[in-house]
Amino acid sequence: MRTGLFVGTFDPFTLGHDSIVRRALPLFDNLVIGVGVNPDKHTMLSAAERVQRIADLYADISAVSVMAFEGLTIDLAKQVGAHYIIKGVRSVTDFEYERAQADFNRRMGGIETLLLYAEPQLESLSSSMVRTLQAFGRSTDEYLPHKK
């Protein structure tokens, strides 16, 4: 079984995240979405809310599972039997950060990272942008995936 691991804070889970999941699905038998819990990071939604919202989106896709986790991604990868970490890249800045993380994950955990580039129409979309719009009372429906 080929298991991929897609991790992030996902506060909130955007169309960009959904695009990465849908594009990674054909590459793996199982795709685990790891919702990161970092006590030093202030989130708008609790980990349980983030997990539930994402799980609801993919409830009809048996190859997808969603779980909250604390700690290192490489530890979660070992726990779920993943040999690949999937990351989305929107810009050169993202690439440099993810390249460094990929090197660390390969050295420390023997886990490869697969980078998927953002679709052009989603390059500017970020969870922080959506949170900012929400904080000012603006609708963000067009940036968030909805169950089909």
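What you see is a predicted model; the values in this text were computed from it and never measured.
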Side-chain touch L116/V89, heavy atoms, less than 4.5 angstrom: no
Linked, directly or transitively: Y84 and L25 (ILVMFWY side chains, under 4.5 Å): yes
Side chain proximity check, R23 to E119, heavy atoms < 4.5 angstrom: yes
Close side-chain approach of F95 and L115, heavy atoms under 4.5 Å: yes
D103 with R99: basic N within carboxylate O range, under 4.0 Å: no
Derivation and outcome, side-chain contact (heavy atoms from CB on, under 4.5 Å), residues L76 and L5: CA-CA 9 Å; L76 177 62; L5 175 61; 3.7 Å; yes
Parallel, tilted or perpendicular, as decided by the 30° and 60° cut-offs, for the rings of F13 and F6: perpendicular
Gap separating the CG atom of L133 from the CE atom of M129, nearest 0.5 angstrom: 5.5 Å
Between OG on residue S127 and NE2 on residue H17, distance to nearest 0.5 Å: 4.0 Å
V37 versus A47, closest heavy-atom pair with distance: CG2-CB, 3.5 Å
Check: M67 and V35 side chains under 4.5 Å, non-hydrogen atoms: no
Intermediate values then yes/no, side-chain contact (heavy atoms from CB on, under 4.5 Å), T73 and I85: CA-CA 8 Å; T73 299; I85 296 168; 3.6 Å; yes
Same apolar cluster (I L V M F W Y, side chains within < 4.5 Å links), V21/F10: yes
Where V130 and P12 come nearest, the two heavy atoms and their spacing: CG1-CG, 3.6 Å
Closest heavy-atom pair and its distance - I20, G88: CD1-CA, 3.8 Å
Considering all heavy atoms, the nearest S19-L122 contact: CB-CD1, 3.7 Å
pair R53-D56: side-chain heavy atoms closer than 4.5 Å: no
Separation between CZ of R50 and CD1 of I33, rounded to the nearest 0.5 Å: 13.0 Å
D60/K147 ion pair, N-O < 4.0 Å: yes
Stepwise side-chain contact (heavy atoms from CB on, under 4.5 Å) check, T3 with H83: CA-CA 7 Å; T3 300; H83 292 95; over 6 Å; no
Path from L57 to V64 over hydrophobic side-chain contacts below 4.5 Å: yes
Beyond-backbone contact of D141 with H146, side-chain heavy atoms, under 4.5 angstrom: yes
Nearest heavy-atom neighbours spanning Q134 and T140: NE2-OG1, 3.2 Å
Pairwise distance CG(L31) to OH(Y58) - rounded to 0.5 angstrom: 8.5 Å
Distance-only donor-acceptor check, side chains Q101 and N105, under 3.5 Å: no
Step-by-step side chain to side chain donor-acceptor pair (under 3.5 Å) determination, Y117 to D94: CA-CA 10 Å; Y117 294 99; D94 283 355; over 6 Å; no
Backbone N/O of E49 and side chain of S46: donor-acceptor pair under 3.5 Å: yes
Within-4.5 Å side-chain heavy-atom neighbours: F28 and I86: yes
Other residues, nucleotides, ligands: >12 heavy atoms within 6.0 Å of M108 CE: no
From CZ (R22) to CG (L15), nearest 0.5 Å: 10.5 Å
Heavy-atom side-chain proximity of L27 to L114 below 4.5 angstrom: yes
Joint hydrophobic cluster, I54 plus L144, side-chain heavy atoms closer than 4.5 Å: no
Atom pair CG (D11) and CG (L45), whose distance is rounded to the nearest 0.5 Å: 5.0 Å
CA sep, side-chain torsions, deciding dist, call: I111, R106, side-chain contact (heavy atoms from CB on, under 4.5 Å): CA-CA 5 Å; I111 297 165; R106 186 175 38 261; over 6 Å; no
